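This one's a predicted model, so the numbers in the text were calculated from it and none came from an experiment. All residue numbers refer to positions in the sequence shown, counting from 1.
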Amino acid sequence: WERTTAAYCFGGWLEGKICERADVAIWFVETALARAKARHPELGDRGKVMIPGADRPAFGKIPYARGEELVIGHFGSLAPTRNLAGFLKGLEALLEKNQKLVKIVRIEVYGSGLDSVSAHAVAKFPYPEVVRGIGRLERDPLTGESGRDRVLKRMQTVDALLLLHGTGDFCEEYIPSKLFEYLWAQRPIIGLVWKNPHLDRILTELGHMPVAADDEKGIIAALEMLVARWESHDLADSGLASPYSTEVAVNQLYGWAREAVERRGSME
């Protein structure tokens, strides 16, 4: 908690009132709900977990095609608590172990720029040709495509996607929204996860690769698995539609609201 004591106390008071009075109270991660119930047992089964998800991109699916390089894409913002340092450390160890991969593996970084920790990690990375700082994609003046559409299309054509969860305490109760865009891309995801069993399970159940954010050996193993699959031409699109969409979330919310109304009616 980095804000004032007064704000902390107000937040605690407000949470208590919500848990006491709300017909339905929603959290976005299982750990967050479990901790709220421990603080406020009176919440009972009125506490719910919802994953809002994201809608399918408006344009059609772009088929993946293997190229001469194995490209791992990172999309989204970076920060000192959500940076590339741990991933690059594992990647460096892999390249030291297998030098031929220096000519093959590439990490493309899309977004608004590097944070200070990531910038330092990139600057000292011994294989500068491996890291490509693409930056923000803007509207294409020739096609008229927005920067966002260009990003969503590129997500579908890289060999794999890198999801950085972060390493702050808040990550235990947080799932990156970028995950839900990634899932629509249907590409393999390497997710560096920080103490969040819920996020681990989502990635695992959908066939992706969660790794503890501070587990260098785990990062190396995930990259080795990715390289092996790429070399075997085994990185085709998953073909799986994301189970997390706005429609699913709204239907879930509607169902809970209806249950709450019925519960109130039975009490009256």
Subject >> Counterpart residues, ring pair (Phe, Tyr, Trp, His ring centres under 6.0 Å), relative to Phe170 (two or more places apart) >> reply: Tyr174
Nearest-0.5 Å distance, [atom1] of residue [X] to [atom2] of residue [Y]:
{"X": "Leu94", "Y": "Leu88", "atom1": "CG", "atom2": "CG", "value": "12.0 Å"}
{"X": "Thr157", "Y": "Leu152", "atom1": "OG1", "atom2": "CG", "value": "11.0 Å"}
{"X": "Glu173", "Y": "Thr31", "atom1": "CD", "atom2": "OG1", "value": "7.0 Å"}
{"X": "Leu95", "Y": "Lys103", "atom1": "CG", "atom2": "NZ", "value": "13.0 Å"}
{"X": "Arg201", "Y": "Glu205", "atom1": "CZ", "atom2": "CD", "value": "5.5 Å"}
{"X": "Asp200", "Y": "His208", "atom1": "CG", "atom2": "NE2", "value": "13.5 Å"}

By side chain to side chain donor-acceptor pair (under 3.5 Å), which residues pair with [X], not counting sequence neighbours?
{"X": "Glu15", "value": "Arg39, His40"}
{"X": "Glu96", "value": "Tyr127"}
{"X": "Gln252", "value": "none"}
{"X": "Lys37", "value": "none"}

Subject >> Electrostatic pair Lys178-Glu181, nearest N-O below 4.0 angstrom >> reply: yes
So does [Y] get a backbone contact from the side chain of [X], meaning a donor-acceptor N/O pair under 3.5 Å?
{"X": "Glu216", "Y": "Gly90", "result": "no"}
{"X": "Asp55", "Y": "Thr246", "result": "yes"}
{"X": "His198", "Y": "Val29", "result": "no"}
{"X": "Gln156", "Y": "Ile62", "result": "yes"}
{"X": "Arg106", "Y": "Glu129", "result": "yes"}

Original post:
With a cut-off of 6.0 Å (strictly less than), are more than 12 heavy atoms of other residues, nucleotides or ligands near CD of Glu247?
Top reply: no
Subject >> Neighbour count >12 (heavy atoms, 6.0 Å) for atom CD, Glu68 >> reply: no
Within the 4.5 Å heavy-atom criterion, are [X] and [Y] side-chain neighbours or not?
{"X": "Val130", "Y": "Leu101", "result": "no"}
{"X": "Leu206", "Y": "Pro243", "result": "yes"}
{"X": "Leu91", "Y": "Val131", "result": "no"}
{"X": "Ile175", "Y": "Phe180", "result": "yes"}
{"X": "Glu30", "Y": "Pro197", "result": "no"}
{"X": "Leu192", "Y": "Leu162", "result": "yes"}
{"X": "Leu253", "Y": "Met50", "result": "yes"}

**OP:** Before giving the answer on side chain to side chain contact (heavy atoms under 4.5 Å, CB included), spell out for Ile202 and Ile51 the whole-Å C-alpha distance, their side-chain angles and the decisive distance to 0.1 Å.
**Re:** CA-CA 11 Å; Ile202 289 173; Ile51 297 179; 3.6 Å; yes
For residues [X] and [Y]: do they belong to one hydrophobic cluster (side chain heavy atoms under 4.5 Å, members Ile, Leu, Val, Met, Phe, Trp, Tyr)?
{"X": "Val151", "Y": "Val109", "value": "no"}
{"X": "Ile219", "Y": "Phe125", "value": "yes"}
{"X": "Tyr64", "Y": "Val158", "value": "no"}
{"X": "Val211", "Y": "Leu179", "value": "no"}
{"X": "Ile134", "Y": "Met155", "value": "yes"}

At their closest point, which heavy atom of [X] faces which heavy atom of [Y], and how far apart are they?
{"X": "Pro188", "Y": "Leu235", "result": "CG-CD2, 3.7 Å"}
{"X": "His165", "Y": "Pro176", "result": "CD2-CD, 3.6 Å"}
{"X": "Phe28", "Y": "Pro52", "result": "CE2-CG, 3.8 Å"}
{"X": "Trp27", "Y": "Gly47", "result": "CZ3-CA, 4.3 Å"}
{"X": "Ala25", "Y": "Ile18", "result": "CB-CG2, 4.0 Å"}

Using the side-chain contact (heavy atoms from CB on, under 4.5 Å) criterion, which residues pair with [X]? Sequence neighbours excluded.
{"X": "Ser146", "answer": "Arg139, Arg148, Asp149"}
{"X": "Ala236", "answer": "none"}
{"X": "Lys97", "answer": "Glu224"}
{"X": "Ser242", "answer": "Leu183, Trp184, Tyr244"}

Subject >> side-chain contact (heavy atoms from CB on, under 4.5 Å) partner of Asp23, chosen from Arg46, Arg264, Glu259 >> reply: Arg264
Subject >> Working for side chain to side chain contact (heavy atoms under 4.5 Å, CB included), residues Trp194 and Asp214 >> reply: CA-CA 8 Å; Trp194 185 256; Asp214 58 351; 3.7 Å; yes
Subject >> Partner set under salt bridge (charged side-chain N to carboxylate O under 4.0 Å, His left out) for Lys195, not counting sequence neighbours >> reply: none
**OP:** Not counting sequence neighbours, which residues clear salt bridge (charged side-chain N to carboxylate O under 4.0 Å, His left out) with Asp237? List them please.
**Re:** Lys61, Arg187
Subject >> Residue pair Arg229 / Ser232, side-chain donor-acceptor N/O under 3.5 Å >> reply: no
Name every donor-acceptor pair, under 3.5 Å, that has one atom in a side chain of residues 71-87 and the other anywhere in the protein, sequence neighbours excluded.
from, atom 1, to, atom 2, distance (Å)
Ser77, OG, Arg82, NH2, 2.8
Arg82, NE, Ser77, O, 3.3
Arg82, NH2, Ser77, O, 3.4
Asn83, OD1, Ala85, N, 2.9
Asn83, ND2, Pro80, O, 2.6

**OP:** Let me see the working for Lys48 and Val24 under side chain to side chain contact (heavy atoms under 4.5 Å, CB included), right down to the final yes or no.
**Re:** CA-CA 7 Å; Lys48 308 292 183 182; Val24 180; 3.8 Å; yes
**OP:** Check step by step if side chain to side chain contact (heavy atoms under 4.5 Å, CB included) holds for Val105 and Leu226.
**Re:** CA-CA 10 Å; Val105 178; Leu226 186 66; over 6 Å; no
